[in-house]
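If you scroll down you'll find the structure; I have some questions about it.
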Amino acid sequence: MMDRLHTAFVLATLALGVAPLSGHADKTIHVKLTDNAIEPDPRTANAGRVTFEVNNAANGNTEHEFVVLRTDRDDGHLPVHKGQVTESRFKKMGEVEDLEHGSTKRLSLKLAPGRYVLICNRPGHYEMGMHTSFVVAR
Ligand SMILES: [Cu+2]
């Protein structure tokens, strides 16, 4: 009896492993950093594991970074001190730093439903427009 249950369990697990679970698959968001913008594609994801693939596509030779904050605030109205968003005021989900010109880095996060903002917090870059909103649905 136990053997049959165990076999059924193993078979079910194997079936799950090969089935195209599009609704549950990891979601990759392609993020383009430019000199004055952050452009995620797409701009939303379902809750769960979300992988941001961040590319520094800016023209200049400037290094950029990518920070994910959890907040209901408008991405254009975050508190700024000396050219940098005050990250300590928010729940920081994760970041990738030191993105050289042309390079790509990945950031994989487990995100709950809600509103987030994506910023580059190199001094002055937020104020130059490197921010956008990101929504995680159920
Ligand atoms: Cu930047």
Side-chain angles (χ1 to χ4, degrees):
M1 193 62 172
M2 287 304 286
D3 274 354
R4 286 182 62 182
L5 274 175
H6 182 72
T7 303
F9 177 75
V10 169
L11 288 174
T13 306
L14 287 172
L16 281 172
V18 295
L21 292 169
S22 56
H24 297 268
D26 285 5
K27 183 71 180 176
T28 298
I29 309 295
H30 299 277
V31 182
K32 185 175 161 188
L33 305 183
T34 70
D35 292 300
N36 55 12
I38 294 182
E39 299 168 359
D41 178 26
R43 297 182 164 277
T44 61
N46 290 327
R49 180 67 57 183
V50 178
T51 300
F52 296 94
E53 192 174 86
V54 189
N55 175 239
N56 178 354
N59 288 323
N61 242 345
T62 312
E63 285 190 0
H64 292 287
E65 63 181 26
F66 175 77
V67 184
V68 180
L69 303 175
R70 165 74 186 95
T71 178
D72 288 325
R73 286 207 194 201
D74 186 284
D75 64 278
H77 292 91
L78 302 183
V80 175
H81 179 68
K82 291 183 178 172
Q84 288 182 291
V85 171
T86 315
E87 292 181 19
S88 59
R89 300 260 301 266
F90 302 97
K91 183 177 181 187
K92 182 150 101 179
M93 307 306 297
E95 69 180 325
V96 287
E97 297 182 288
D98 308 326
L99 267 157
E100 291 174 20
H101 180 245
S103 70
T104 299
K105 286 188 181 180
R106 282 171 193 80
L107 175 66
S108 189
L109 301 173
K110 203 174 174 194
L111 299 179
R115 294 175 53 81
Y116 298 80
V117 296
L118 315 177
I119 63 170
C120 172
N121 212 13
R122 286 293 177 106
H125 290 204
Y126 170 79
E127 288 163 314
M128 283 168 55
M130 293 192 76
H131 55 80
T132 191
S133 60
F134 188 77
V135 175
V136 174
R138 275 179 201 288

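Both backbone and side-chain heavy atoms feed into the values below; hydrogens, waters and symmetry mates do not. When a ligand or atom number is given, it counts from 1 through the structure's own listing order. Because the structure is a prediction, the values reported are computed rather than measured.
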Could you pull out all donor-acceptor pairs under 3.5 Å where a side-chain atom in residues 123-130 meets a protein atom, sequence neighbours excluded?
residue : atom : partner : partner atom : Å
H125    : ND1  : H64     : ND1          : 3.0
Y126    : OH   : D75     : O            : 2.7
Y126    : OH   : G76     : O            : 3.4
Y126    : OH   : H77     : N            : 3.4
Y126    : OH   : L78     : N            : 3.1

> Is any protein N, O or S atom closer than 2.8 Å to the Cu ion (ligand 1), and if so, which?
Replying inline: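 Near the Cu ion (ligand 1), the protein supplies H64 ND1, C120 SG, H125 ND1, M130 SD.
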>> Suppose we screen for side-chain contact (heavy atoms from CB on, under 4.5 Å). Which residues come up paired with R70, at least two apart in sequence or across chains?
In response: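 So R70 forms a side-chain contact (heavy atoms from CB on, under 4.5 Å) with D72, K91, M93, R115, Y116.
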>> Whether the S133 and R43 side chains hold a donor-acceptor pair (N or O, under 3.5 Å, no angle test) is what I'd like checked.
In response: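 Judged by distance alone, the side chains do not pair up.
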> Should we say atom CD of E100 is surrounded by more than 12 heavy atoms from elsewhere, each under 6.0 Å from it?
Replying inline: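 Incorrect, the count does not exceed 12.
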Extract all donor-acceptor atom pairs below 3.5 Å that involve side chains of residues 81-88 and protein atoms in other chains or at least two apart in sequence.
residue : atom : partner : partner atom : Å
Q84     : NE2  : N121    : O            : 2.9
E87     : OE1  : K92     : NZ           : 2.6
E87     : OE2  : N121    : ND2          : 2.8

> Between the side chains of S103 and N56, is a donor N or O closer than 3.5 angstrom to an acceptor N or O?
Replying inline: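 N56 and S103 do not have a side-chain donor-acceptor pair below 3.5 Å.
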